[in-house]
Engineer: 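The structure follows.
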Amino acid sequence: MLMRPKESIEVAVPEKQTFTGNRGLDIEEGLIFETGRPENTGVDLDEPAPFAHRLGSLERQEPAGLPGLSEPETMRHYVRLSRMNYAIDAGIYPLGSCTMKHNPRLNEAMARLPGFADIHPLQPQSTVQGALELIAELARWLMVLTGMDAVAMSPRAGAHGEACGMMVIKAAIAAKGEGETRKIVLVPESAHGTNPASAAGAGFEVRPVPARPDGTLDPAAVRERLGPDVAAIMLTNPNTCGLFEKDIVEIASLVHEAGAYFYCDGANFNAIMGKTRPGDLGVDAMHINLHKTFSTPHGGGGPGAGPVVLSSLLAPFAPVPFLRREENGLQLVEHPSEAPGALGRIAAFHGQMGMFVRAFAYMLSHGADGLRQAAEDAVLNANYVRAGLKDLMSEPFGDRTCMHEVLFDEGWLKPTGLTALDFAKAMIDEGFHPMTIYFPLVAHGAMLIEPTESESKASLDLFVATLRDLALAAKRGAMERFAGAPHLAPRSRLDETRAARSPVLKWEKKSKITPLT
Amino acid sequence: MLMRPKESIEVAVPEKQTFTGNRGLDIEEGLIFETGRPENTGVDLDEPAPFAHRLGSLERQEPAGLPGLSEPETMRHYVRLSRMNYAIDAGIYPLGSCTMKHNPRLNEAMARLPGFADIHPLQPQSTVQGALELIAELARWLMVLTGMDAVAMSPRAGAHGEACGMMVIKAAIAAKGEGETRKIVLVPESAHGTNPASAAGAGFEVRPVPARPDGTLDPAAVRERLGPDVAAIMLTNPNTCGLFEKDIVEIASLVHEAGAYFYCDGANFNAIMGKTRPGDLGVDAMHINLHKTFSTPHGGGGPGAGPVVLSSLLAPFAPVPFLRREENGLQLVEHPSEAPGALGRIAAFHGQMGMFVRAFAYMLSHGADGLRQAAEDAVLNANYVRAGLKDLMSEPFGDRTCMHEVLFDEGWLKPTGLTALDFAKAMIDEGFHPMTIYFPLVAHGAMLIEPTESESKASLDLFVATLRDLALAAKRGAMERFAGAPHLAPRSRLDETRAARSPVLKWEKKSKITPLT
Amino acid sequence: MRYLPLNAEDRAEMLARAGVASIDTLFADIPKAKRLDHDLDLPMRKTEMDVERLLSGLAAKNVAAGSVPFFAGAGAYKHHVPASVDHLIQRSEFLTSYTPYQPEIAQGTLQTIFEFQTQVAALTALDVANASMYDGSTATVEAVAMARRITGRSKAILSGGLHPHYAEAVRTVSTMAGEETEVLAPDVFAAEDFCSLIDADTSCVVVQNPDFFGNLRDLSAIAATCKTKGALLVGVFTEVVSLGLIQPPGAMGADIVVGEGQSIGNRLNFGGPYVGLFATKTKYLRQIPGRLCGQTVDASGRRGFVLTLSTREQHIRRDKATSNICTNSGLASLAFSIHMTLLGDAGLRRLATINHAHAVDLADRLTAVPGVQVLNKTFFNEFTLRIAGDAAQAIERMAEMGVLGGVPVSRLLPGRGLDDLILAASTEINTDADREAFADALQGALSC
Amino acid sequence: MRYLPLNAEDRAEMLARAGVASIDTLFADIPKAKRLDHDLDLPMRKTEMDVERLLSGLAAKNVAAGSVPFFAGAGAYKHHVPASVDHLIQRSEFLTSYTPYQPEIAQGTLQTIFEFQTQVAALTALDVANASMYDGSTATVEAVAMARRITGRSKAILSGGLHPHYAEAVRTVSTMAGEETEVLAPDVFAAEDFCSLIDADTSCVVVQNPDFFGNLRDLSAIAATCKTKGALLVGVFTEVVSLGLIQPPGAMGADIVVGEGQSIGNRLNFGGPYVGLFATKTKYLRQIPGRLCGQTVDASGRRGFVLTLSTREQHIRRDKATSNICTNSGLASLAFSIHMTLLGDAGLRRLATINHAHAVDLADRLTAVPGVQVLNKTFFNEFTLRIAGDAAQAIERMAEMGVLGGVPVSRLLPGRGLDDLILAASTEINTDADREAFADALQGALSC
Ligand SMILES: Cc1ncc(COP(=O)(O)O)c(C=O)c1O
Ligand SMILES: Cc1ncc(COP(=O)(O)O)c(C=O)c1O
């Protein structure tokens with residue numbers, strides 16, 4: 001089969017056409033459904049001896065029609081596709097709120113030890129004591145780092161941790177007999193979308209809390225909204241504008257006085273680990289994204305892990321499973337019947353063990369001293385970027401230092417007619433992944449930059465200098481750098497509207513797209 | 001430090017300048033000497049307690065001045081550099097004579113088992129019986145596949161195998177008392193450069209043998225050159241023009257009758273494994289490039305392995321080490337004193353164990369049936385490419401089928417004024433690694449294409465179609481595709497003359513190149 | 001510290017450039033009393049070598065599946081994953097990239113998601129699949145929530161053949177959200193009858209196939225009843241390899257199909273990370289939870305892929321979103337997709353057939369052990385044994401003999417009078433000798 | 001077969017397009033009588049799972065260095081290699097690329113070679129280094145050949161402190177090439193005196209430091225004599241980590257320095273693949289064997305790298321080449337370079353210091369064992385023990401006790417009256433407990 005999108009390429013790169021559509025090392029790659037065949041396979045398996053099947057009448061009637069590729073073809077398919085991706089390993093990935101830090105390969109090696117990777121969640125507990133010890137130790141580190149009393153290890157990611165935390169709070173409220181009255185969760189507008197979604201998923205009603213002009217929460221505004229109908233507040237701290245909620249202790253007291261709980265979104269824990277403890281600040285529950293703060297790889301979208309630390313008030317309501325140290329070693333409490341009053345179970349098995357190993361390797365490598373240093377470097381790096389850009393870009397909450405990420409908005413771009421999106425796409429041409437844009441929603445055209453502690457000064461210098469170059473270019477009206485950017489990526493700007501208008505969500509023989517001309 | 005070759009970039013990509021010199025995912029990367037600092041390190045090591053050193057007066061005086069990079073910086077440095085490379089995993093790598101076939105990752109995993117990768121060559125032999133068994137089994141496979149009686153496993157690569165073979169022959173000749181008379185080795189002009197170099201290195205004098213117009217050797221031409229002064233003939237079969245030496249049996253007889261030995265360069269064994277056995281053809285010694293035929297990765301230039309199979313005549317002269325099966329298991333014979341009459345030792349330890357594991361995994365995976373199928377597919381693929389191109393390109397030895405590789409020459413390009421090099425560089429822009437050019441020397445502007453069995457029909461179709469497109473473009477005078485190509489690779493054509501004229505072979509503060517303009 | 005590029009000199013210079021006196025100035029917003037002025041009571045930094053030693057030591061305390069005859073299943077299966085899969089998912093560009101929010105430099109991830117969606121839809125015989133959920137259990141929770149949204153009804157009926165952890169997760173989350181769930185009694189023989197239970201408040205019926213006890217279930221009748229009653233049928237699987245050999249839920253009328261994809265491309269990992277598969281009919285597209293990748297074109301008309309229909313999702317719709325999921329199982333879904341690409345139809349069917357053949361052989365061998373009875377009429381690669389004794393004890397004893405001989409049903413369903421049941425699975429990794437060892441060990445365990 | 005993309009249909013279609021009747025037509029040039037018409041007497045194809053089983057079985061029969069207290073050295077050393085090194089060398093673009101013959105699409109490999117050359121030159125304190133040789137021993141062979149070419153003289157004098165395998169390799173290859181070699185007697189105490197042996201036919205003197213017995217040697221005096229007599233001094237090392245702490249041969253006047261680079265970035269691998277380092281003075285540039293990478297510019301003036309000065313090499317100069325080497329140790333040299341980049345000066349010095357500290361500690365502990373004597377006045381991370389008994393037997397006994405306690409000198413130098421000598425090395429991988437175990441085991445071995 002020949003695959004040569006000749007026509008479209010002519011449009012794409014008028015300066016230098018190729019016959020293949022490839023450009024040197026940038027090689028186009030078709031879909032497996034176009035290159036593979038159902039009768040081919042890249043896995044050799046011996047044919048079993050004839051036997052009498054026990055499938056009753058339920059044998060599959062229609063084959064799935066999935067194409068198979070030999071191993072060399074498979075290799076090439078995915079290697080070529082991978083080369084169309086940006087990665088931390090290739091450059092700074094300054095997505096605010098995402099904490100794209102270095103992913104040590106030691107962690108990968110450790111997670112692949114057969115003693116961790118090839119053990120079954122339900123094999124006898126006497127045969128997995130090392131695994132249980134690791135979980136217990138990781139849990140201890142999380143509790144010490146956060147100053148909390150318990151931790152639910154099973155949540156699969158941050159949002160799942162939020163859901164878990166909200167349900168734990170609901171269970172605690174129910175236990176107090178207030179299940180029917182406390183139905184409201186206060187969530188600032190700057191919150192990540194998962195927060196309101198998680199609260200709603202647990203059957204709560206979400207109410208916004210506005211921020212002060214300085215980007216942080218006003219205790220008075222919180223007090224105003226508290227009442228016997230409020231179950232909890234959900235704050236992010238440092239918040240999504242990169243600012244530490246300086247009145248957090250007061251807010252926590254107000255919340256507790258009102259009989260509500262304080263859930264903290266711990267996505268930004270990287271900024272403060274070893275510097276302060278959420279437990280000391282009055283937090284009742286907080287998830288920790290191991291895939292942010294503790295370096296487990298994002299993998300193009302997951303998997304992660306979102307353990308939830310809990311205060312002593314909430315600990316009794318934690319879901320199963322949890323660990324108990326008994327005479328014959330560590331034992332998992334797995335069934336709700338063994339933990340009366342507990343929430344129940346929120347997912348199968350015991351949590352993201354593969355991520356636990358990686359996160360624990362990261363913690364051990366840093367130690368208490370290294371983790372604090374990492375937090376300091378993360379904050380320093382953000383402020384260094386801020387210092388390098390603040391004269392050219394606009395800050396929604398005034399000229400003040402930030403924590404681990406710095407928030408700009410597109411105010412400064414207004415005179416140019418360009419948007420945050422245009423600016424971001426021009427960064428791609430320069431070899432940089434853009435910052436987070438349009439989040440948090442409280443800034444107009446937010447541009448949220450989180451360099452993390454993994455960037456060297458040289459890397460930040462080049463990043464800042466380039467953003468300055470681009471900003472100056474924008475200001476002097478050099479539109480060609482922005483219009484329709486990126487120009488030098490594997491694809492030029494993609495038509496998202498078209499994708500949503502007539503969704504093509506899987507390959508079908510008929511769905512071949514014909515070039516727009 | 002900012003690294004922005006702004007000026008040069010302006011020249012390079014006038015159509016679309018960037019501030020960084022990067023182009024989307026194509027990111028420029030400096031040298032470690034520019035980005036690293038000797039006081040930094042990416043390896044944590046605990047400081048040892050104070051102790052009295054035992055270095056006498058020989059402590060290092062001047063530090064080496066080597067830069068260190070933290071782990072994230074190191075990762076990025078090498079990942080970025082890697083992205084400037086072509087690879088089998090990214091596309092067809094049709095280098096004739098190089099057998100760039102698929103490198104299975106199973107082999108990589110097996111070679112990394114601690115039982116193979118973490119054993120010391122001199123630990124007690126009782127503790128490495130599994131390793132010795134693997135070597136013995138691999139040796140057996142090589143002997144069965146080639147129909148030979150012994151194999152010297154220690155050569156590090158093909159050329160080292162040639163040297164080993166030449167020295168074994170020399171030892172055999174010396175043992176016959178003809179050491180002073182037989183000094184000549186016959187080597188066809190089409191031979192790979194290592195052949196004459198290896199023969200010369202073993203103290204032989206090299207004499208050429210011309211080929212017939214059909215590209216193969218004429219027994220008569222060999223007979224003419226044989227005599228009491230000839231020690232050996234060194235042939236490649238299939239030869240470097242991709243042709244099977246059809247008179248090889250007769251040539252072998254002539255050589256033997258003349259009291260000389262027949263060394264075969266086995267670099268092209270991939271074409272014939274399971275189809276015929278060199279031992280049956282009269283070969284006395286032949287190296288096998290495990291990194292060609294048996295899929296161990298080329299690694300950007302090595303390491304490889306070049307075991308030499310030997311006939312019973314030459315077996316007694318094989319160098320140490322070799323294996324003996326004794327009561328208490330396999331035993332290495334390691335010292336020349338244990339093997340009187342043997343050649344001696346040609347390198348430390350026992351050979352390229354890491355490559356042995358990979359090659360053996362490859363052999364086991366294929367089995368006798370799969371290896372033969374691989375040879376057939378390799379030959380079929382070459383002929384398919386040949387059939388697709390022969391009407392446009394010229395063949396130096398006429399219109400005939402080939403073995404695993406097909407040889408064209410630049411004769412057909414003459415009218416266009418273009419060279420094989422120009423054509424090759426234009427292929428780069430199309431996303432293909434060029435074929436081998438200017439080798440073998442017997443063709444004028446050779447273009448030697450070896451697709452290997454790892455290519456699918458679809459891959460070959462695209463390859464052939466693109467070469468046809470380019471050939472037609474050349475013929476119709478579309479010079480812009482060729483002049484100064486490649487245009488779309490990480491670098492445009494590199495100035496090799498300048499590199500050789502004033503060699504800069506390492507980084508020095510002063511050696512920064514200033515753009516030529 | 002090896003992961004931190006800044007050295008003391010850098011830090012000083014950068015503070016100066018940022019115009020702050022000391023690093024602590026930057027943390028001034030933390031209330032003074034709450035600032036930590038000492039290192040926490042945790043160990044200090046460790047060398048790579050020491051971390052390796054410590055973790056290898058912990059790993060060595062566990063019995064790995066590959067080191068003994070191994071027959072545990074119950075929702076997590078040990079299969080052979082080709083070495084090339086693990087190599088590919090470790091490519092920096094897959095491993096260390098984020099969710100593809102900038103599609104122009106994330107086509108690699110996006111195209112693989114598009115291919116994954118297509119594979120999942122084909123396997124389940126449904127129209128459309130999403131980019132993955134956390135795992136099979138949370139996918140089931142989401143499926144039930146989706147059914148409630150679509151039908152506007154509350155009650156979810158969970159089959160007694162549904163994996164108990166899945167059922168508990170649905171029950172817990174539903175209860176917290178104020179929704180009703182009816183969990184049927186454990187149904188060892190696939191004998192339950194739903195049809196009478198489905199009423200006007202029933203949003204969905206959730207049925208697993210092969211069920212928790214290994215029985216194969218024909219969903220067609222339930223599907224028909226659901227249709228009549230306006231409820232949706234949610235088909236669940238925990239062993240995706242089965243779909244190579246048995247009727248997919250979509251072909252039997254399921255409206256939503258969810259399941260665990262761990263078996264393909266992924267290791268056991270003591271329970272996670274796994275990958276949840278989620279597929280449904282086109283008409284329910286806008287109710288799907290999680291990410292979707294769609295095809296489009298770039299400014300030059302070239303085909304490309306983007307995340308799409310995100311108005312369903314939390315980052316746009318917030319408390320009205322179809323789900324709160326953000327991070328999903330990206331890399332695990334990639335591993336799934338790569339392994340499936342290697343297999344193709346032919347490979348998958350062969351793999352499934354071997355699994356079934358091994359399980360049939362195991363069933364025959366175990367049936368021959370005195371005091372052991374195989375309860376299943378039909379099964380794929382796992383079935384239920386009734387033994388003359390306590391299952392948990394027998395399994396513990398077998399473990400001491402070096403055989404991991406399945407999962408006691410009572411571990412998941414304690415106090416239900418099922419203490420004499422063992423779930424035993426046999427995949428392609430088991431040899432004849434392994435199965436013989438199991439039979440011997442079970443016989444041994446029962447006779448002591 | 002999983003590695004072969006063609007299926008039967010493809011093959012038929014391609015034969016037709018190629019205009020040949022059958023695959024055998026393409027093999028028609030093979031004399032009929034010599035064609036194989038049956039499968040060879042070897043096993044048939046195996047599944048990936050079966051290959052894994054078979055090879056894991058073989059691997060399990062060996063005692064891996066990481067699994068026991070380990071002290072073997074003698075030219076191959078167990079060091080800790082950071083996980084990132086192995087990850088990086090497995091990048092497809094490094095692992096599966098060829099020698100960089102098309103520099104425009106091989107800048108990755110070329111720049112790493114350029115960096116490697118710079119690192120090796122700096123470590124050895126010489127002007128210029130090549131892109132690698134097979135290993136330390138073959139690099140030594142090449143150095144001697146190069147010295148002969150430069151001086152036009154034959155005789156090479158090999159120190160009695162040179163690794164015996166290296167000496168044998170030089171002797172063997174030299175003899176075959178008709179050149180003269182003088183191998184001095186084993187020199188346990190670094191007491192030999194070359195100066196009188198160097199004559200007008202001497203091309204070079206080859207001295208190892210630290211020598212085979214672990215002694216540190218000051219090469220300055222020999223260098224001076226060589227200079228006077230018109231011979232070259234070839235400095236050799238087998239433990240490159242030593243260069244972090246001791247004077248490099250280049251700084252003591254060596255003209256050519258060769259050595260084994262395995263210790264940095266590479267595993268033991270039972271002896272190979274390793275990586276030979278080769279450095280010399282600029283004036284001998286055109287006599288260097290092997291590949292050289294040089295800096296240049298591209299058509300746009302951007303810096304770039306190419307293989308250069310290839311008129312020295314076999315593919316151009318053929319029988320007149322400086323060496324026959326073609327494939328070298330590319331990926332092993334990359335591993336070396338990456339690990340060295342991670343270390344830097346500071347890390348290398350720390351690593352070397354730890355090695356030395358551990359060896360000093362080991363020497364002290366072993367000296368305390370009755371019947372054991374450490375012979376070295378100076379050493380780096382390895383030294384020679386004289387024991388009251390047979391060294392090979394003692395080591396075999398220790399192995400039975402689970403300790404790999406060094407290398408018996410007699411294994412490399414049999415029949416030389418050195419049967420009571422053990423070479424013992426201690427690197428950063430050994431713990432206190434390991435060294436104690438060694439002392440205990442040796443004591444045990446000597447007392448039985
Ligand atoms: C502030 C914040 N909260 C919550 C989340 C959700 O975490 P996860 O993606 O792990 O579910 C994120 C992730 O992007 C986040 O940035
Ligand atoms: C025909 C031929 N002979 C010999 C060699 C040398 O083999 P090696 O590079 O393994 O030393 C090669 C390698 O390119 C070759 O193609």
Side-chain angles (χ1 to χ4, degrees), chain B residues 8 11-12 38 41-43 48 56 58 64 68 81-82 84-89 113-115 117-118 120-122 127 130 156-157 159 167 193 196-198 200 203 206 244 246 299-304 344-345 348-349 352-354 367-368 370 383-384 387 456 489 491-492 499 504 506 515, chain D residues 5 10 14 18 29 39 42 44-45 58-59 61-65 72 91-93 96 99 104-105 107-109 118 122 134 137 165 168 172 176-177 216 267 269-273 294-296 298-301 304 308 314-315 318-319 321 324 327-331 342 344-345 347 357 378 407:
Chain B
S8 54
V11 181
T41 183
V43 181
L58 287 173
L81 289 182
S82 75
M84 300 178 190
N85 276 0
Y86 196 88
I88 308 172
D89 282 356
L113 291 172
D118 292 337
H120 190 282
L122 299 174
T127 65
R156 299 317 198 237
M167 290 191 277
S198 299
V206 175
F244 192 90
K246 55 182 187 285
R345 169 177 282 281
F349 310 128
Q352 307 283 67
M353 182 66 181
N383 280 282
Y384 186 69
S456 68
R491 286 292 177 272
S492 56
V504 177
K506 68 175 179 185
Chain D
D10 294 330
M14 291 167 73
D29 281 343
D39 278 327
L42 293 168
M44 297 296 112
R45 63 187 67 179
L58 288 177
K61 290 190 188 177
N62 308 317
V63 179
R91 288 275 303 169
S92 289
E93 295 89 338
T96 77
T99 303
E104 296 86 359
I105 46 173
Q107 285 298 300
T109 296
T118 308
Y134 304 133
S137 68
H165 283 181
E168 283 161 24
T172 300
M176 289 297 138
L216 304 190
R267 294 169 81 172
N269 291 326
F270 200 47
Q295 180 175 298
T296 186
D298 78 353
S300 321
T308 192
Q314 46 76 24
H315 62 284
R318 300 179 74 83
D319 52 330
N324 71 336
T327 292
N328 58 20
S329 283
L331 206 68
L342 282 163
D345 250 22
T378 57
V407 175

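Convention: sequence-line order gives letters A, B, ...; per-chain numbering from 1.
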Engineer: Considering residues at least two apart in sequence or located in another chain, which fulfil the side chain to side chain contact (heavy atoms under 4.5 Å, CB included) criterion with A200(B)?
Structural biologist: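 By the side chain to side chain contact (heavy atoms under 4.5 Å, CB included) rule, A200(B) matches D319(D).
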Engineer: Check for a donor-acceptor pair, side chain of H165(D) on one end and backbone N or O of F349(B) on the other, with a separation under 3.5 Å.
Structural biologist: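 The answer is yes, because a donor-acceptor pair under 3.5 Å joins these two groups.
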Engineer: In terms of heavy-atom pairs under 4.5 Å, which option from H315(D), M44(D), R91(D), E104(D) contacts chain B the most?
Structural biologist: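 Among H315(D), M44(D), R91(D), E104(D), the one with the most close pairs to chain B is E104(D).
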Engineer: Under a 4.5 Å cut-off applied to non-hydrogen side-chain atoms, are H120(B) and V407(D) in contact?
Structural biologist: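 Yes, their side chains come closer than 4.5 Å.
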Engineer: Under 4.5 Å heavy-atom distance to chain B, tell me which part of T118(D) shows up: side chain, backbone, both or neither.
Structural biologist: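 Both parts, backbone and side chain.
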Engineer: May I ask you to name which of R45(D), M176(D), K61(D), E168(D) has the most heavy-atom pairs under 4.5 Å with chain B?
Structural biologist: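 When all of R45(D), M176(D), K61(D), E168(D) are compared, R45(D) has the most.
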Engineer: Counting heavy-atom pairs under 4.5 Å with chain B, which one of L216(D), T109(D), D29(D) comes out on top?
Structural biologist: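 Sorted descending by pairs with chain B, the first entry is D29(D).
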Engineer: Given 3.5 Å as the limit, does a donor-acceptor pair link the side chain of T172(D) with the main chain of G344(B), or not?
Structural biologist: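 No, because the side chain of T172(D) does not come within donor-acceptor range (under 3.5 Å) of the backbone of G344(B).
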Engineer: Can you tell which of A157(B), G300(B), A159(B), G56(B) has the highest number of heavy-atom pairs within less than 4.5 Å of chain D?
Structural biologist: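 Looking at each option in turn, the highest pair count goes to G300(B).
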Engineer: Only pairs of heavy atoms separated by less than 4.5 Å count here; which of T378(D), N269(D), T308(D) has the most with chain B?
Structural biologist: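 The residue among T378(D), N269(D), T308(D) with the greatest pair count is N269(D).
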Engineer: Looking at G294(D), A18(D), A177(D), G330(D), which has the largest count of heavy-atom pairs under 4.5 Å with chain B?
Structural biologist: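 Sorted descending by pairs with chain B, the first entry is G330(D).
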Engineer: Out of G115(B), P114(B), S456(B), G203(B), return the one with the most heavy atom pairs under 4.5 angstrom to chain D.
Structural biologist: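 Among the listed options, the one with the most contacts to chain D is G115(B).
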Engineer: Quick one: does N85(B)'s side chain have a donor or acceptor within less than 3.5 Å of a partner on E93(D)'s backbone?
Structural biologist: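 Answer holds: yes.
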Engineer: Looking at M84(B), R491(B), K246(B), which makes the most heavy-atom pairs under 4.5 Å with chain D?
Structural biologist: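 So the answer, after comparing M84(B), R491(B), K246(B), is R491(B).
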Engineer: Tell me, for A387(B) versus chain D, whether the close heavy atoms (under 4.5 Å) come from the side chain, the backbone, both or neither.
Structural biologist: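 Only the side chain of A387(B) comes within 4.5 Å of chain D.
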Engineer: Do you know the tightest heavy-atom contact between I105(D) and A489(B)?
Structural biologist: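 Closest pair (atom of I105(D), atom of A489(B), distance): CG2-CB, 4.0 Å.
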Engineer: Is it the case that the side chain of T96(D) and the backbone of I88(B) share a donor-acceptor pair, with hydrogens and angles ignored and the cut-off at 3.5 Å?
Structural biologist: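 Yes: the side chain of T96(D) pairs with the backbone of I88(B).
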Engineer: Of all of N383(B), V43(B), T127(B), which one pairs up most often with chain D through heavy atoms under 4.5 Å apart?
Structural biologist: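 Looking at each option in turn, the highest pair count goes to T127(B).
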Engineer: Do you know which two heavy atoms are closest between P196(B) and R318(D), and how far apart they sit?
Structural biologist: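 Shortest heavy-atom contact: CG-CB, 3.7 Å.
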Engineer: If you count heavy-atom pairs under 4.5 Å between each of G367(B), G302(B), G42(B) and chain D, which one has the most?
Structural biologist: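 Counting heavy-atom pairs under 4.5 Å, the top option is G302(B).
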Engineer: Would you say P303(B) and L331(D) make side-chain contact, with heavy atoms under 4.5 Å?
Structural biologist: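 In short, these two side chains touch, coming nearer than 4.5 Å.
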Engineer: Closest approach of A357(D) and P48(B), non-hydrogen atoms and distance?
Structural biologist: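 Nearest pair, atom of A357(D) first, then P48(B): CB-CB, 4.0 Å.
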Engineer: Work out which heavy atom in R156(B) is nearest to a heavy atom in G271(D); give both atom names and the distance.
Structural biologist: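 Of all heavy-atom pairs spanning R156(B) and G271(D), the closest is NH2-O, 4.3 Å.
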Engineer: So which of G347(D), A321(D), S329(D) has the largest heavy-atom pair count under 4.5 angstrom toward chain B?
Structural biologist: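 Counting heavy-atom pairs under 4.5 Å, the top option is S329(D).
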Engineer: Okay, side chain of D118(B), backbone of A65(D): is any donor-acceptor separation there less than 3.5 Å?
Structural biologist: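 No.
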Engineer: Search all heavy atoms of S137(D) against all heavy atoms of A348(B) and return the closest pair with its distance.
Structural biologist: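 What the structure gives for the nearest pair is OG-N, 2.9 Å.
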Engineer: Please identify, among G370(B), G301(B), A368(B), A197(B), the residue contributing the most non-hydrogen atom pairs under 4.5 Å to chain D.
Structural biologist: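 That would be G301(B).
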Engineer: Is the backbone of N324(D) close enough, under 3.5 Å, to the side chain of S198(B) for a donor and an acceptor to pair up by distance?
Structural biologist: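 Side chain of S198(B) to backbone of N324(D), a donor-acceptor pair under 3.5 Å: no, none is there.
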Engineer: Check S492(B) against A299(D) and note the closest heavy-atom contact, atom names and distance.
Structural biologist: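 Nearest pair, atom of S492(B) first, then A299(D): OG-N, 3.2 Å.
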